[in-house]
Each structure stands twice: as structure tokens, then as C-alpha cells.
Amino acid sequence: MSTSPSSLASTSTAYDPKTIEADLYARWESQKLFSPDVVQTLRAQSANEVPMASEHFQNNTQSPDKAFSLVIPPPNVTGVLHMGHALDNTLQDILIRWHRMQGTPTVWIPGTDHAGIATQTVVERQLQAEGKTRDDLGRQAFLEKVHAFAAQSKKSILGQLRRLGVSPDWTREAFTLDESRVQSVRQAFVTLYERGLIERGDYIVNWCPKSASAISDIEVEYREEAGFLYHIRYVADDNPDEALIVATTRPETLFGDVAVAVNPKDERLNHWIGRRVRLPLTCDTIPVIGDEYVDIAFGTGALKITPAHDKNDFEVGRRHGLPAPIILDLKGHLADHARVPSDLRGVERFQARKQCEALLEASGLLVQKEAHTHRVGYSQRHGSVIEPLLSKQWFVKTKPLAERALKSLQAGELKFIPERWEADYTRWLENIQPWCVSRQLWWGHAIPAWYAIDDEKREFPIVALEKPEKCPKTGSTELVQDPDVLDTWFSSGLWPFSTMGWPNENSEDFKKYYPTSVLVTGFDIIFFWVARMTMMGLALTGKSPFHTVYIHGLIRDEKGQKMSKSKGNTVDPVLAIDQYGCDGFRFGLTSLVTYGGQDIKLAPDKLEQGKLFANKLWNAARFVMMNLSQGDMAPSLSFDTLTPMDQWILAKYRKAAEAAQDNLEAFRFGEYAIDAQRFVWDDFCDWYVEMAKAQLKDPTTEAMTRRVLFTVLDGALRLLHPVMPFISESLWLELQGDKPAYPSISMAKFPNAQQMSAPLVDPAGIDFVLETVRALRNLRQSYKVPHSSAVSIIIDAPDLHQREALEANLPLLHRFIKMSDLSIQAQLSKKPSQAAVSVVGQCQIFLPLAELIDLGQERTRLSKQLEKLQSDYNQLEKLLHNAGFMSKATEEVIAAKREQLIELSAQTAHLSQQLAALSAVP
RNA sequence: GGGCGGUUGGCGCAGUUGGUAGCGCACCACAUUGACAUUGUGGGGGUCACGUGUUCGAGUCACGUACCGCCCACCA
């Protein structure tokens, strides 16, 4: 029936994703179906939707003027795609495809992050393997090498992203270090500098000796560690018999000490204030000062002050006007400094600690070495121990930026889902510290600052978009650009608008798609990235860069451990796609997402579910298409000429459409997937398709049945397309036949429940009839009636509605239960004596089994059921006699309970009668 | 030291305005010639961690306890 490449042409009964995924993706991409302008043009050219379909899909709620936009959290060019990316991008793709199908201009910008330290490190390691360093190559050659590596890596990771079936607009691909991002970064830096929000200064930074660069506070990871507290004797300068005992975890820094501090309120020690003590292992003396910062209760109450190597000491030193000698070099070795004894110069810091300990011990100055656990900072990227170090760096004054961001949150310009993350975000912004943005690396955005250096070696920085001709202060034309680069997160922080043409705020994309609609990411980068984007976005564009931040959980391994390369517990998404099919994988993953954003423990059998579902869908479609003929594809359905079962499935379809819309609007991705699956598998496949097999054999219902099959399958594919793009596309195109309304299901309209004529409630009491079917099946199986043998059934149905529902659905009952005879009575004059019985609603269903029935077994079964019913009944009755309940519960609740009671009452009566009858039989 | 999340049948998890619990896997039994065994049908299995409170009514709200996990914080 179709000329399109057919996945159904094969005789195999299993869905094979590999045969369609690559081809479909190549076609989507080459036809630019992810570009909003292309989609719009093609839509305008397309034929209108077929009549039946248009009834359901037209007038979708979204206004075509209102755009929906996303920017991808750009993956690092170092890595390979991991499960977190897979989840993150699948969810974004669901949103994008869903909005695209609603006729909204939709753009999703893809790209990658140059990942400063991370990438530079990878390339340096490669060099190291060849026995070289970056200095051997020189800056220019090294950068060329990194660019080459990044290009390679980018290609690979974006290729992996394509395997995920995602639909970002590849024509807009961006890179945080490409030419247009360079413009954005420069403009941002200059603007912030001119507004006094960036400054250069000497502060204590987190120094990573391995990369010989500063890093920011949040790149430091603290770990609890067992160490020692060294109690060291600082002998009084005025009296060799007296000494102040100082406790420190870092004896090797004592050469940088400029004072010993005690708390002025410390009665034991405050008499030392103003005196001098000898600095151990040196000839120097340093003053004892009083500062309330010192904790009297900790250690010995005396604190050595090392301003250049400790953040707090720096503050203390500054308060007291003390110098700050730097006694460690950039690689973490004791420096070639006058204060450091010559034989210790150049010694690595941990080695130096040991040597200092030995020297102190030898000179009798080490009083005690006490075991002590403390927190040690590590570089997140390098794993090296962070060295607090006094250094001249560029800082972003984050305080005002954070205040603006907080206001934006309060004003409701921005919201988090789930909401609880707002508290974390707020707390962090409220306690924000200046952000050190300069890095002593080569790979990254050059800082747009140039220096003129005068004869006294003073630096005069000029911050500008381009290199200035000459220095306005010194007149010098010999200007040197700052050799440092910017923190990667500086450019990432601009991403939502640097990808939209900013600083050109008149660019089409910026006007149309900024601010973006939603940011989808994991909680681990709320501080690193989300907060930086809001701060930068608000400062530079005046707008929050997104309205909604959707935070999902992390993917963990089966045992709940974080996946990491070093643990070897990672799962490669590309391998998973090979194994389960892209749609199966995406579906499986999505079905695990919870609204609360819990972390996801990933086990293979969970993804297997998705694969099974894809197969089920494929087979269901195969069945439908086997039975369709041309006219069914433009069906008009007159609701009242449909069978009750037809009406029922259309009602279920409408409900499914409503649920999908509601779930997606509320970011309930997991429920969206599971609800849609339930509709397709349970309602459509297990009930409707089975019934359709009978209806197709009946000439009076055949034609309409085919149309309903078409309509519901078509709708199901649309509902599933956001999460299962390939299989839905493939089947839909095939279902559409030679002249599809659109070149791709991704442009077709998403089902809209409001536009459907099917009632939301079960129109013909089918749900009750299906319940009856289940009860009958249960009875049959309980008594091991072979599937092949037809049974005779008697139903006592005193309730009019229930009786009518059964009578109106005789074909259904016969379709699902093999019966030789069925009798439905309003009032049964004589109950069958030897029969198994079951109650549904107010009906009694008898399965006469004169020879087969085991009376004992039936008695036991009934007694057990009766017990349960009676207990329920008693409880309910008690409740309905409870004055409190009757006066305070809502009308609806009471009515529902009453109805329940009536039903239970009837059922209890039936069962006890039956039980009595059985007991009378010997 | 502060904060957050989790604790529901053997396992993994849902449960959004409070009305006595759902799903998947696993398990047991049955079914195999036409969409699908990557299947269908039926079934068993839970005092919702513990305590107190609010309420006619609590898995759901409040307070507290225990255990697990995470985040933040300058105590040398």
C-alpha cells in the first residue's frame, strides 16, 4: 500500500530498528526538518490534513507567534556521550518534538563546549605520552593541536547525539570557542568591566599546582581526610625559656608566617600580644597579635598567620597591615625565597612537610603530633590538592549580579521544576563569593585586556574589544595581551544568548527565540552553569535567559552508585541503542523519569521494556495495515454508526491525548510515556484489536472498524512520536500511504483532546462489560475449563444499566469468552444448583459445572471472597454511620461511598446465598 | 554545624489539592497455525521505616526518632 521504504515488507515478525534509524535520520537532517523556517515553509505547502484527522488536530492551542526554544547544555569536546547526556537530550527532544507538532515555531540549538582545563589536560596527557610538554610545542602549535583534537572530538560526540534521534537545528550549531562566541565573550567581558563588575586584584585563589592555574571555588571538591595537627613551639624572643605553642596542619607553610595570633579575650595567652616570637627553623622573629578570629577552644589557642597561603590568614593579615610573603612556587614547591632555608628550596610541598617535621623534631620544637581529620580541597578536574595562594587574577564581582538573579526568581521570571531546587539556588546566590575567572591556561577565550608596562614595571591594563593603538596613560604602543584565558564557564554562562546572535540584539534569532523557554539539565550544574547563565543573562540582556529550569535526576548504576569511568560501571548509550533500538532505549529511559526528579538506577531489564514496547507497536501497526485499504485513510467517522467498542476505543484515545498533553505540560515525562504505553498496549492491542478481528469479519461493521483502526493507530503514533521518533515516523509514513499530509510525522499535529468528538466517559458501559469478561475468564481458569470447550453462562443482572450494557455487547462477550449459550436475566427465578459463581457490580455470573465442580474448592473460594467483602462492607457501613464523616465529607465522596455500599451489599448477599446453596448439597 | 532527598509487596519504583494502595520485573498456573512467545490469559503477594499529633478519615499534612544517600560551610 505504500511506496515508502517499508519496515513491514520483511516477513520477520520482529521490529528491527537498525533498518530504519540511520536512513530516517539522514533524511530528516538533509531536508532540514529541524529548522523552524523549513518546517514552516513545508507546512504551508502541504495539503491540509485529511478530514477525519483535521477534526482532531486543528486549532491547536499554541499561537504560531509564540516560539519555543531550547539551547542544549553543550557537551564537552573531551568526552564521549554518557547516560546523563542521553537522558538530558531525550527529554529536550521530547519537548521540542511535542511543541513542533503543535505548530509552534520551534528551535533547539545544538553545540559543544570547549571545556578549558579538561580539554587542555587531555591533550597535554597525549603529549606527555610522547615525552613532551606544551612548552616544547609553544603556544601556537599547542593550540593548533588542541583545536584538531577538539574538532575530532566534536564530530564524534555530535555523531553520538545523532544516534539518539534528537532534533536540534543543526544549521545553527555553535561552539563555545568559535568566532561568533569570541565576539560575545569579549563584549560581555568589556561591558562588565566598564560597569565595574569585573576587576583585577590580588586575592587568595584556589591554586592547582598540577595545571599551574587558578580555579574557582566551586571547582574545588572537599574530602574528609586523616591528617595530623602539629603542635610547634614558637619561642619567645625576649625569653628563651618561654614559648607559645602553635597548632597547625601544615608545618611547611611556617616560612610564610608573619605573625602568631591569639584571641584578646583568651586569659591564658593575651599577655603575649605585642611580644615577638622566633619563627622556627629560621632566624626571623614575628609579632604576636590579637585577633578575635582565633578560636580559643581550638588547638592551643594560638594560630600562625600565613597570609599568602590561607584565605582567613589573608584577612587577618590585611586587618593588621602585615606583609604576605609567597613561599610556594606555582608548581607547589617551596620557593626560592629568602625566608625559606636554602636546603628546603625547591622541595615539593608534601615532601617539605615531612622534612619540616623532622627538622622541628630534631630541634626540639615539635611538641606533639596529634591525629586530626580535616577537610582537604582537591581540584575536581585534576585530583590534585588545592593550594590556597595569593595571586593576581581577574574576578567577577558576583554580588550585584546575584542580587539581580534573586530578584528575578522572586518576581517569578524564573521557576524551577521541581520547585525544591529554588532553595539551593537561592542559598548559593545569597552566599556568593567573587568569581575568579582567569585561568593560567592556553586553551580558552583570551582575556580582552592589554598591558602597557612602564619603566618601573608597573602594568596598566586596558580592557577593550580590540587591541588598542596605544596606552592612554603611558602613551606606549607596545601593548601585550593578557596571557591568561577565561574560565570555561564564563563563555558557557553566555550560551543562551551567545547562540542567538548576541551582542546583536537585533538579530532575528535573538528577537524571536530569546529568552529561551526551558532549560533542561541535571542538578549537579545548577551552580556551575544555571546560576551563571541567569546572572550573566540578566546583567547583559536584562532578561532571565529562560523561564523554566527543569531539573532531572542523575543516572546511576544498578546499585545506585554514581557512574564513573574509574569505577568501570558506565553504560554506553550508543551500545544501549544498538541493543534496544533508539526508540526502545529512549522510551525505557523516559519511563523511569519521575516528577520529583529522583536519581535513576539503571538496570538492563528496564530498558528492555522499551524494546518490547517498540516491537509491540510495530506488530500492532502491521496488523492494522494488513487490513486497511485506500479509502480508510481519509475516514470520516460518524460516531453513532460505530459499535460500542469503536466508541470505547475512541474515548480511550481522547483520554490518552488529554493525559499526554497534561503530562507534558507539567513536565511529567515518565507518566507521559507510561500512560501512552498503557493506551497502546492495554486498551488498543489487548482489547480493541482483539475485538476488531471479529468486527472485521462482520460486513456491517467491517468498514468502520478499519477506519477506527486507522484513526487510533495514527493518533497513537502521533502521541508517541516525541519519545519514539523513528518507529513512529516509519509507521506513520507507511500508514499515510502514497500521499502523506506532511513529509514527516514530526510536522503533523499532536492529538488534541479538546477537538475530539468522542466522549471522555465510557459511552456504552464497556468498562463494565470488560470487567465481566475478566470475571468469566477467572471462573473458567479457576475450574480449569479448557480453552477449547464452550461453556454455558447464566447472568443474573438486576440492575438495568448493567443489564443493558451486557445485552448491547453480546458480540463482545462472545468474542472474548467461548460460550455455547448465554442467558442474561433480569431476575433469575431459579439459581443453578451446581455452579461456580462470581459477582461483578450487582450481577451474578453462573458457570454451571455439574460434573466438574469441586464443591469443597468452591466453598473455600467463596468463603474467602465473602470474608473480604464482608469486612469491606462493615467498614464502609461504619463510615456511613459516622456523624463526623457525614457532616464533613464532600457530597461526592459520600455519594460514591453509598453506591459502593449498595454494590457490596448485593455482592455479599449473592455470595452468601450461593454458599448456603452449596453447603446444602452433600 | 546547616540544608535537601530517600525509607511503599522478593527486587526496582509510581502515588500532584488527605477519602483505606498501583506499575514493571521476578514468581505460580494455563494457552502455541496467521499482528506480536520480544506474546496472551488468570493468580498469589504490601500493618506504605518507627513514634506522637492534626482530622470524620493520613502513604499523602505537622513535629520528632532511626537508617541510607547527597549538597553547602574558612575552624588552623
Side-chain angles (χ1 to χ4, degrees), chain A residues 8 13-15 204 218 222 229-230 246-250 253 261 293-295 297-306 310-315 372 374-375 377 388 418 420-421 423-424 427-428 431 523-524 526-527 553-554 556 558 560-562 580 584 591-592 594-603 605-606 608-609 611-627 662 666 668 670-671 674 677-678 685-686 689-690 693 773-775 777-782 784-788 816 872 875-876 879 882-890 892-894 896-897:
Chain A
L8 306 182
T13 56
Y15 169 56
I204 298 285
I218 47 177
Y222 289 92
L229 200 53
Y230 300 86
V246 170
T248 180
T249 54
R250 306 198 49 199
T253 63
Y293 165 71
V294 181
D295 182 351
F298 189 89
T300 60
L303 173 64
K304 70 193 214 44
I305 300 298
T306 322
D310 183 282
K311 201 173 173 189
N312 296 305
D313 292 6
F314 181 74
E315 297 300 327
H372 178 68
H374 59 142
R375 291 160 61 79
R420 67 185 147 94
W421 293 111
D424 275 46
R427 223 185 321 277
W428 191 73
N431 298 305
F523 60 79
D524 51 333
I526 289 177
F527 305 149
L554 261 39
R556 298 176 176 278
E558 240 167 307
Q561 291 180 306
K562 210 167 167 173
Y580 305 106
S591 71
L592 300 173
T594 66
Y595 182 70
Q598 284 307 301
D599 288 352
I600 294 166
K601 286 184 211 162
L602 198 63
D605 68 298
K606 293 177 175 172
E608 184 74 22
Q609 292 308 306
K611 180 181 172 176
L612 299 183
F613 180 48
N615 186 60
K616 186 74 181 180
L617 180 64
W618 187 79
N619 275 296
R622 210 162 73 116
F623 170 81
V624 171
M625 288 191 250
M626 266 166 49
N627 287 288
D662 288 351
R668 288 184 298 236
E671 281 179 73
I674 289 166
Q677 179 188 38
R678 205 155 281 159
C685 294
D686 288 348
V689 168
E690 288 311 312
K693 286 174 184 169
V773 169
R774 274 187 218 104
R777 282 170 168 170
N778 186 346
L779 274 182
R780 284 186 68 120
Q781 292 207 13
S782 297
K784 307 202 188 320
V785 178
H787 281 65
S788 52
F816 289 107
D872 287 355
Q875 229 165 359
L876 206 53
L879 184 65
N882 182 323
F885 174 75
M886 295 308 285
S887 61
K888 291 183 183 169
T890 62
E892 288 132 4
V893 171
I894 294 175
K897 295 284 177 192

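Keep in mind that what you see is a predicted model, and the values were worked out from it rather than measured. Here is how names work: the chains are called A, B, and so on, in the same order as the sequence lines, proteins then strands, and each is numbered from 1.
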Write down the distance separating the [atom1] atoms in [N] and [M], rounded off to the nearest Å.
N     : M     : atom1 : answer
B/U55 : B/A73 : P     : 43 Å
B/C70 : B/G53 : C1'   : 30 Å
B/A29 : B/U33 : C1'   : 24 Å
B/U60 : B/U7  : C1'   : 15 Å
B/G45 : B/A21 : C1'   : 14 Å
B/U8  : B/G59 : C1'   : 7 Å
B/A58 : B/C63 : C1'   : 15 Å
B/C4  : B/G46 : P     : 35 Å

Where the side chain of [X] is defined as all heavy atoms beyond and including C-beta, which of [options] is the nearest nucleotide?
X        : options             : answer
A/Cys685 : B/C23, B/A35, B/A76 : B/A35
A/Gln875 : B/U20, B/A76, B/G42 : B/U20
A/Arg678 : B/C23, B/G43, B/C36 : B/C23
A/Glu671 : B/A35, B/C75, B/U16 : B/U16
A/Thr594 : B/A76, B/A35, B/C13 : B/C13
A/Thr248 : B/C36, B/U39, B/A76 : B/A76
A/Ala889 : B/A35, B/G19, B/A76 : B/G19
A/Val893 : B/C75, B/C13, B/G19 : B/G19
A/Arg420 : B/A35, B/C71, B/C4  : B/C4
A/Arg427 : B/C71, B/C23, B/G3  : B/G3

* **Within-4.5 Å side-chain heavy-atom neighbours: A/Asp599 and A/Lys562** => no
With a cut-off of less than 4.0 Å, is there a side-chain N or O of [X] near OP1 or OP2 of [N]?
X        : N     : answer
A/Thr13  : B/A37 : yes
A/Arg622 : B/C36 : yes
A/Lys897 : B/G57 : no
A/Lys606 : B/C25 : no
A/Asn627 : B/A35 : no
A/Lys311 : B/A76 : no
A/Thr249 : B/A76 : no
A/His372 : B/A76 : yes
A/Lys784 : B/A29 : no

* Begin from the C-alpha positions of A/Leu602 and A/Leu592 and carry the test side chain to side chain contact (heavy atoms under 4.5 Å, CB included) through to its verdict. => CA-CA 9 Å; A/Leu602 198 63; A/Leu592 300 173; 3.9 Å; yes
* Using 30° and 60° as the class limits, which term best fits the ring planes of A/Tyr15 and A/Trp618: parallel, tilted or perpendicular? -> tilted
* Asked: Pick the nucleotide of RNA chain B nearest each of A/Asn615 and A/Tyr595; which residue has the one closer to the 5' end?
  -> A/Tyr595
* Asked: For A/Val689 and A/Ala423, take the nucleotide of RNA chain B holding the closest heavy atom to each; which residue's nucleotide lies nearer the 5' end?
  -> A/Ala423
* In Å and rounded to the nearest 0.5 Å, what is the CG to OG1 distance from A/Asp313 to A/Thr306? -> 5.0 Å
* Structure fact -> Output for pair (A/Glu315 CD, A/Ile305 CD1), nearest 0.5 Å, gives 11.0 Å
Once you apply a heavy-atom cut-off of 4.0 Å, does [X] come out as touching a base, just sugar-phosphate, or nothing?
X        : value
A/Lys304 : nothing
A/Asn778 : sugar-phosphate
A/Asp310 : nothing
A/Val246 : nothing
A/Asn312 : base

Looking at [X] and [N], is any side-chain donor or acceptor paired with a base atom of the opposite kind under 3.5 Å?
X        : N     : answer
A/Arg668 : B/U16 : yes
A/Glu608 : B/U38 : no
A/Glu690 : B/A35 : yes

* Structure fact -> Any strand, both distances under 3.5 Å, Watson-Crick or G-U wobble: B/G53 pairs with B/C61
* Structure fact -> Paired to B/U7 by Watson-Crick or G-U wobble criteria (both distances under 3.5 Å) is B/A66
What integer distance in Å separates [X]:[atom1] from [N]:[atom2]?
X        : N     : atom1 : atom2 : answer
A/Phe885 : B/A58 : CZ    : C1'   : 15 Å
A/Lys601 : B/C70 : NZ    : P     : 12 Å
A/Tyr222 : B/C74 : OH    : P     : 6 Å

Least distance between heavy atoms, [X] atom then [Y] atom:
X        : Y        : result
A/Phe885 : A/Leu879 : CD2-O, 3.4 Å
A/Glu558 : A/Lys601 : O-CD, 3.7 Å
A/Pro388 : A/Ile204 : CB-CG2, 3.8 Å

* Is the backbone N or O of A/Gly596 less than 3.5 Å from a side-chain atom of A/Arg420, with the two atoms forming a donor-acceptor pair by type? -> yes
